[in-house]
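For reference, positions follow the sequence shown, starting with 1. Computed from a predicted structure; not experimentally measured.
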Amino acid sequence: MTFEEIKALDEQYVMQSYGRFPVAVDRGQGATVWDTAGRAYIDFTAGIGVCSLGHAHPGWLKAVTDQAGKLAHISNLFYAEPYARVARALCTRTGMSNVMFGNSGAEANEAMIKLARKYSFDKYGMGRGTVITLRNSFHGRTITTLAATGQDVFHNYFFPFTEGFRYAGANDLDSVRAQAGHDVCAVMMELVQGEGGVLPLDRDFVQGVAQLCWERDWLLLIDEVQTGVGRTGSLFAFQQYGVQPDVVSFAKGIAGGLPFGGVMANEKCRNVITPGTHGTTFGGNPIAAAAACYVLDIMDDAFLKEVQAKGDYLRTQIEALGVPCLGKTRGMGLMIGVEVKGNQTNKELAAKLVENGLLILTAGPGLRLLPPLVVTREEMDKGLAILKETLS
């Protein structure tokens, strides 16, 4: 089908919940994709951080097709090998105790909130279910995770929102303390605020929140939906902050392109979720779990060091471009934000870059880069050349 035919079908039959760029992507290889007309684009989005091993990775493809030919799905009322192997890999590499699987980041964060409230209910009874989150955060688009999101722009239309959330300032421990009360059960935060603008939290602040949680028996909930699975140059971002969370959510890059996610709990929380208190039809799906096994196998120490090196290279080169509308960069690993200066908005710049062959994202007022973790130097240089040529 042509782009025009696909667009017509979309406008006729699909709810218009996205403002799409005028590109119909047909296929991909590594960090390069091609549209239906055969034009190539450098992909600095990875499906918003999902395609961690890029497009059509041969090992990932074999893991998925081998499992599809064996068992595509079975109810969670039965055991299956793939999800158990993923759980073992996650726990042994993070120091966490056990795992519960789901399908998406929002679902994982919902489960994390449920776990925190049940932990508190089991130990203290009713009235201790409030979760403190940070302003400028983003935790998902369900009613509850929208309520958890600390941005007023998301708190509209869908009233009434779920109760039980209060917001503190990022990197402001006094602000977190000010939200304390007998009703609090947890603090929930992203270590790099992704949708808010790719803003890493200060290490001292994170450690201070962890100490406060320990003192008050609040659970420390870390949302690693976007930062997890190698994106920041370690398997999970919390491993660079010197803290051990009580619960961690993950999704996006874990299965390299398939819907998969979940939460990891520490030993204190390993028995909070019991039969009947949470569930999912597709969570732990054998095909997605087989993909996740392969992704985790690939991400050894050498791979993660390369992610750090690639991120450093991109940030250094972007700041050296001398493009007037771009300022400083920030982020961790291959999760990069770029300041936008001048009269043009980040959305206007992103549209121009896409038109010229570079797929890129926005976040807050800036640009956001989430390339596949396997992006090559050649692909990075092509993307940088498009940045310079388009925006100079």
Student check: side-chain heavy atoms of [X] and [Y] closer than 4.5 Å:
X    : Y    : result
L384 : L387 : yes
R166 : T130 : yes
R128 : D183 : no
R216 : L212 : yes
Q179 : V184 : no
V374 : I298 : no
F205 : M189 : yes
L90  : F236 : yes

What pair of heavy atoms forms the shortest contact from [X] to [Y], and how long is it?
X    : Y    : answer
E195 : Q226 : OE2-NE2, 3.9 Å
L134 : G169 : CD2-O, 4.1 Å
T94  : Q244 : O-NE2, 3.0 Å
R231 : L370 : NH1-C, 3.3 Å
G140 : A106 : CA-CB, 4.0 Å
N171 : D202 : OD1-N, 2.7 Å

Working note: N109 + M188, criterion side chain to side chain contact (heavy atoms under 4.5 Å, CB included); need CA distance, chi angles, decisive distance, verdict. CA-CA 9 Å; N109 285 336; M188 178 178 178; 3.6 Å; yes
Please assess R117 against I113 for the test side chain to side chain contact (heavy atoms under 4.5 Å, CB included), listing each intermediate value before the final yes or no. CA-CA 6 Å; R117 288 178 171 171; I113 294 164; 4.0 Å; yes
Donor-acceptor check, side chain of [X] to backbone of [Y], threshold 3.5 angstrom: yes or no?
X    : Y    : answer
N76  : G279 : no
T277 : I273 : no
N266 : S97  : no
Q29  : V33  : no
E319 : T329 : yes
T144 : T162 : no
T36  : T2   : no
Q16  : D10  : yes
Y241 : L191 : yes
K252 : G228 : no

For the ring pair F121 and Y119, is the centre-to-centre distance below 6.0 Å?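 Not under 6.0 Å, so no.
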Are F165 and H155 near enough that their ring centres are under 6.0 Å apart? no
Taking only Lys NZ, Arg NE, NH1 and NH2, and the carboxylate oxygens of Asp or Glu, determine whether [X] and [Y] approach each other closer than 4.0 Å.
X    : Y    : answer
R330 : E339 : no
R135 : D172 : no
R177 : D174 : yes

Dump the intermediate steps for side chain to side chain contact (heavy atoms under 4.5 Å, CB included) on K268 and D246, then the final yes or no. CA-CA 7 Å; K268 179 170 75 174; D246 294 299; 3.4 Å; yes
Could you tell me whether [X] atom [atom1] has more than 12 heavy atoms of other residues or ligands within 6.0 Å of it?
X    : atom1 : value
Y157 : OH    : no
D301 : CG    : no
E378 : CD    : no
F303 : CZ    : yes
R141 : CZ    : no
Q211 : CD    : yes
E215 : CD    : yes
K305 : NZ    : no

Spacing of [X] atom [atom1] and [Y] atom [atom2] [to the nearest 0.5 Å]:
X    : Y    : atom1 : atom2 : result
L358 : T390 : CG    : OG1   : 7.5 Å
D35  : D26  : CG    : CG    : 8.0 Å
E379 : T32  : CD    : OG1   : 4.0 Å
M380 : K310 : CE    : NZ    : 6.0 Å
T362 : L367 : OG1   : CG    : 7.5 Å
L221 : M112 : CG    : CE    : 5.0 Å

ILVMFWY cluster, [X] and [Y] together (side-chain gap under 4.5 Å):
X    : Y    : result
L219 : V225 : no
L220 : V131 : no
I287 : L296 : yes
V192 : V50  : no
V99  : V247 : no

Quick check on side chain to side chain contact (heavy atoms under 4.5 Å, CB included): which of K118, H278, M100 does V272 satisfy it with? K118
Exactly one candidate in T280, I254, V86 meets side chain to side chain contact (heavy atoms under 4.5 Å, CB included) with F101; the answer is V86
Is a side-chain donor-acceptor pair under 3.5 Å present for [Y] with [X]?
X    : Y    : answer
D217 : Y124 : yes
T227 : E224 : yes
N136 : Y167 : no

Go through V295 and L53 one step at a time and tell me if the side chain to side chain contact (heavy atoms under 4.5 Å, CB included) criterion holds. CA-CA 7 Å; V295 169; L53 301 186; 4.0 Å; yes
